[in-house]
Amino acid sequence: MAVHPAARGYESFGGTVGRTTADSTPEWTYPPAAPQDAPNIVVVLVDDMGYSDIGPFGSEIETPTLDRLAANGIRFTNYHTTPLCSPSRASLLTGINAHRAGFGFVANADPGYPGLRLELADDVLTLPEILRHNGYATYAVGKWHLVRDATMNPAAHREPGYEAAEWNSLTDDERRRFARYMEVYAAMVDSIDQSVGRILDTLEQLGELDNTIVVFTSDNGGTAEGGPEGTRSYFAEFAHIDDPDWIGDVPHDEELIGTERLGVHYPRGWGQASNTPFRFYKGQTFAGGVRVPLLVSWPEGLPRAATDNGIRHEYAYVTDLAPTLLELAGLVRPSVRNGLPAKDFDGVSAAELLRDPSARTRHTEQYSEMTGHRGFYRDGWKLLSLYEPGADIDAPNWQLFDVRADPTELHDLSGLYPEKAAELAAAWDESAWANTVFPLFTRQDLAIRRPEEARFAAPVRVLPGTPTLERYRSQRLIAYRDFAITAELGGYRPGDEGVLVAHGDPLGGYLVYLEDGRVVLGVDSYGDYAEAATEPLPPGVRRITVTAAVRPRLRWDFRVEVAGGPSAELRDRVQLVGMSPWTGISVGVDARGPVSWDLRERRGPFRYTGDLRAVTYTPGPIQVPRQTIDAVEREAEFAAE
């Protein structure tokens, strides 16, 4: 440190400072370093994959890479997670129960309560932060879903009449189409297996495989989002509009199922098959929604004894993963984040279970809750309640199961053991208060958004070259309302061509482009695509405007108007509502999409060649009844994950 009384800026310096280096001593600071021989850590989290979808858990889908992990590692048969993706991701990353971490639902709502803050608080440490504190370099790729859609920038599930149709009750056409859906799903599982294989091969080539902890699991069980028959136009079907004229499942060629041209979802019967042998689906607290596969492999640190088959039947929960990985790697957890005491783990380390097949779990009880569905596990007993839409959300219809003898939760014992049911119901209530579960939310409550979002309906001027405007921000400019789009040109010249504005993709959207001297408006209503074109433009046009006017039954009438030139109309087009358009607004190019496959195949992204100054959106007032909007939005929130 310096000795001169006027010196400052040296307070934390551990060396000495004189006037020259001859009478000074240096000090170097270093970032934290991982312990000697600390293991690498790879966590693979799959979306919506059921308990029996991989080879080590009995699947007919071939997964040789995961079979290889299981052969050398540990399989947890009694591992549980939350029923939806954002809550599971939050709990996995923090070791904290989902509501207490602020994620009692997916990150596509904002009702304004602690358990549904839908962003990690300043006192919540994440596993990557803890690892970096211990000298690790961290990297994440893939689905994040821990940022509210209203705050994203460029830098939900519906529980249907629960039962699935029997295969023998289907027609030949239905069987063929249903089989195609499952073929595509199986191909995705195979693709995941191959991708994990490439990661393992790379680690092996680097000589790091034996000293790498690999975790493979799913965020929740298989889903019923595809409905009883599956869908080829996901966002239209998922909106669940109560109107016989709604577009619903657009009957595209079945050969397109599995291609990038459609947004598909398999029938819920396959979701039930994915969750075999457990009942129900993603979004629910029964085992089908929360009991998923877990594989853990670390050849160097978790060698298996000859008498160890690698199967563990003890209870474990998603919050246990973070403390388990830290204990295995011998790492410490900071006690402070952003100057605040960091929230403690709710999970407990399962390292002893991994090392000793005779060990017993230390995670002996766990609450669960999702949009009124409730669950409470304690020492082999599980109390469950399904929330039925329209019922009193705080009047659960409890069912009691002994999951040691009845793991598939088929035999309700609440009538035989009312005292046990009452005990667990009281324990659920206590845990709910301790984890910011209250207030309980229905789907209608989850449609609430913060008042400040009203500013999203203000006019916005977007310049060419601006990154694609984020999906939610873009959608708020057009949802349930009249709107106008104005393209400002420096002056049209014959030969100028390309996309002026594009919003959406093959799942739904619209675009405006110039080709052969004409303005073309294309509208893709969930895969039902139509176009209208003007007559050829005169030279010098500086303004092109497209207006959309709301009509009954969630329809729009579009009109193209050219200042001093021709016009065109496209009437009675289905409105894009809920989660559509899924891709945001691009100016001067169809940067993502494509909205029109024909145009993409002919012209590519079709960047505008003329002088495009800006595109301005001017939203009008909402023209759709509030009750209709609430119904659509609360269903759409469940599609978000």
Side-chain angles (χ1 to χ4, degrees), residues 80-88 90-91 97-118 156-163 219-221 223-225 238 240 268 271 278-291 366-377 382-401 409 412 414 421-422 424-449 630-641:
H80 294 69
T81 184
T82 85
L84 287 180
C85 62
S86 294
S88 292
S91 289
N97 286 328
H99 292 82
R100 188 164 165 255
F103 279 87
F105 190 60
V106 291
N108 298 81
D110 190 14
Y113 291 94
L116 287 149
R117 186 172 49 247
L118 301 174
H157 178 74
R158 170 179 167 88
E159 293 81 31
Y162 300 120
E163 300 301 323
D219 64 352
N220 45 248
T223 173
E225 290 171 21
F238 205 89
H240 294 282
R268 66 181 178 223
F278 306 116
R279 284 200 294 164
F280 300 133
Y281 310 93
K282 164 188 176 180
Q284 298 162 336
T285 50
F286 274 71
V290 300
R291 195 161 173 175
Q366 179 64 46
Y367 87 92
S368 57
E369 190 278 335
M370 184 59 58
T371 59
H373 301 309
R374 305 188 191 194
F376 193 84
Y377 171 86
K382 191 173 178 185
L383 194 69
L384 289 165
S385 175
L386 287 176
Y387 173 69
E388 299 291 342
D392 182 351
I393 196 170
D394 202 20
N397 181 22
W398 288 119
Q399 300 180 60
L400 178 67
F401 302 95
E409 302 164 355
D412 178 13
S414 59
L424 297 184
W428 183 93
D429 209 65
E430 186 173 348
S431 290
W433 280 116
N435 286 281
T436 63
V437 175
F438 294 113
L440 299 172
F441 280 81
T442 65
R443 295 183 200 151
Q444 185 172 0
D445 298 325
L446 287 165
I448 298 170
R449 294 280 184 160
D630 288 345
V632 175
E633 292 295 308
R634 63 177 175 258
E635 297 292 355
E637 299 302 347
F638 287 86
E641 78 291 357

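Since the structure is predicted, the reported quantities are computational estimates derived from the model, not experimental observations.
In terms of modelled atom types and a separation under 3.5 Å, the side chain of S385 and the main chain of N397 share a donor-acceptor contact. A donor-acceptor pair under 3.5 Å is absent between the side-chain atoms of E369 and the main chain of A432, judged by distance alone. Between the S86 side chain and the A107 main chain, a donor and an acceptor come within less than 3.5 Å of each other. Looking at N220, its side chain never comes within 3.5 Å of a backbone N or O of V290 through a donor-acceptor pair.
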Hey, mind stepping through F105 and M370 against side chain to side chain contact (heavy atoms under 4.5 Å, CB included) and telling me if it holds?
CA-CA 7 Å; F105 190 60; M370 184 59 58; 3.8 Å; yes
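Here the CG atom belonging to L424 is positioned 12.0 Å from the NZ atom belonging to K382, to the nearest 0.5 angstrom. Here S368 contributes atom OG and N435 contributes atom CG; the two are 11.5 Å apart, rounded to the nearest 0.5 Å. Atom CG of residue D110 and atom CZ of residue R117 lie 11.5 Å apart, to the nearest 0.5 angstrom. With rounding to the nearest 0.5 angstrom, the CZ atom of R279 is 8.5 Å from the CG atom of L384. Note that CZ of R374 is 15.5 Å distant from CD of Q284, once rounded to the nearest 0.5 Å. Rounding to the nearest 0.5 Å gives a distance of 13.0 Å between CZ of F278 and CZ of F286.
Annotation: side chain of S91 is in contact with side chain of T82 (closest heavy-atom distance under 4.5 Å). You'll find the side chain of K282 reaches within 4.5 Å of the side chain of E225, heavy atoms only. Looking only at side-chain heavy atoms (C-beta outward), Q366 and N97 come within less than 4.5 Å of each other.
Closest of all the heavy-atom pairs between G375 and W428 is O-CD1, 3.1 Å. The two atoms that bring P83 and T285 nearest to each other are CG-CG2, 4.2 Å, heavy atoms only. Contact record, Y387 with A391: OH-O, 3.0 Å, taken as the closest heavy-atom pair. Nearest heavy atom pair, residue W398 against residue A425, reads NE1-CB, 3.6 Å. Residues G271 and Y281 approach most closely at C-CE2, 4.0 Å, considering heavy atoms. When every heavy atom of H99 is checked against every heavy atom of T436, the shortest pair comes out as O-OG1, 3.0 Å.
Every pair tested for salt bridge (Lys or Arg N to Asp or Glu O under 4.0 Å) that includes a residue from residues 424-440 fails, sequence neighbours excluded, so the list is empty.
Ring-plane geometry between F441 and Y113 is classed as perpendicular, the angle between the planes exceeding 60 degrees on a 0 to 90 degree scale with a lower cut at 30.
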